[in-house]
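Hydrogens, waters and symmetry mates play no part in the numbers below; they use all other heavy atoms, side chains included. Order of listing sets the numbers, starting from 1, for every ligand and every atom in it. We're numbering straight along the sequence, starting at 1. Computed from a prediction, not measured in an experiment: that's the story for all the values here.
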Amino acid sequence: MDPAGRTPVQRLAILISGRGSNMQAIAEAARTEHWPAVIVAVIAHRDDIAGIQAARGLGLPVRILPLSPDLTRADHDRALAGCLDELACDWIILAGYLRILSTDFVQRFAGRLVNIHPSLLPAFAGLRTHRQALAAGVKVHGATVHLVTEALDSGPILAQAVVPVLPDDDEERLAKRVLRAEHRLYPVVLRGLLEGRIAIDGCRSHWRDAPADHDPLLMLMPEAA
Ligand code: GRF
């Protein structure tokens, strides 16, 4: 907070690898809810992905960091870190970013590197989470927003959205339901983080001053559609 009690404007970078629908949900929420934040870059390795076209359509600054077979993962991550430092980013938001980040990178940005994963972690880490959920026969599925640590999909959990798994679901139907939940969950959590409303204690977190009947970090979404 500054002396006038305002949250200082936070600088956000959003890293994507494909469709970019979470990036769009975040950008839309930031704009319409007047977040104390500015999206300083949408970053990807390729220019020709739908998410980058969408970012340009929204007037967001874009940075492309091409992958080269001549460079190692560490080289790529150093270039990415250099870009984030140059942009003076406060928060690095992974939104469908498919590359695994190196330990050095994760440690350098620890505590301000956030990801959304399409399952109720720790269940179904990795890829094809909706297929994994259907194969396991679970009755509920969903999405998790977490801080990123060195171990894949296992950093401190900040928030979860829960959706039902219905008897006639296939991967596509379930994925759509979870994605709708992601688009509601991720902006709420990010706004909470940048406004300092989320207290993180080891692997546990809570919303400061949450009303007794509503925890913004737990979204139960019973709608079947
Ligand atoms: C989302 O399901 C997200 O949870 C996962 O990758 C997907 C990205 O989708 N990490 P989009 O690019 O945001 O549309």
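Listed by number with element, the atoms of ligand 1 under 4.0 Å from a non-hydrogen atom of P118 are 2 (O), 4 (O), 5 (C). Within the listing of ligand 1, atoms 6 (O), 8 (C), 10 (N) sit less than 4.0 angstrom from a heavy atom of G96.
Through side-chain heavy atoms spaced under 4.5 Å, either directly or across other Ile, Leu, Val, Met, Phe, Trp or Tyr residues, L98 is tied to no other residue.
Using cut-offs of 30° and 60° on the angle between ring planes, the pair H45 and Y97 is tilted.
The only option from N22, V114, L15 that meets the side-chain contact (heavy atoms from CB on, under 4.5 Å) definition with L94 turns out to be L15.
Closest to atom 1 (C) of ligand 1, if we only count protein heavy atoms, is E182 OE1, 3.1 Å.
Checking only distances, A95 never comes within under 3.5 Å of ligand 1, N or O to N or O. In terms of polar-atom proximity, N22 is counted as a contact of ligand 1, with an N or O under 3.5 Å from an N or O of the ligand. At least one N or O atom of R19 sits closer than 3.5 Å to an N or O atom of ligand 1. For ligand 1, the polar-atom distance check against I116 finds a nitrogen or oxygen pair separated by under 3.5 Å.
Contact annotation: G20 has at least one heavy atom less than 4.0 Å from an atom of ligand 1.
Salt-bridge annotation for R173 and D170: absent, with no side-chain N of the basic residue lying under 4.0 Å from a carboxylate O of the acidic one. Ion pairing between R108 and D77 fails under the 4.0 Å rule for side-chain N and carboxylate O.
A donor-acceptor pair shorter than 3.5 Å can be found between the side chains of S21 and H183.
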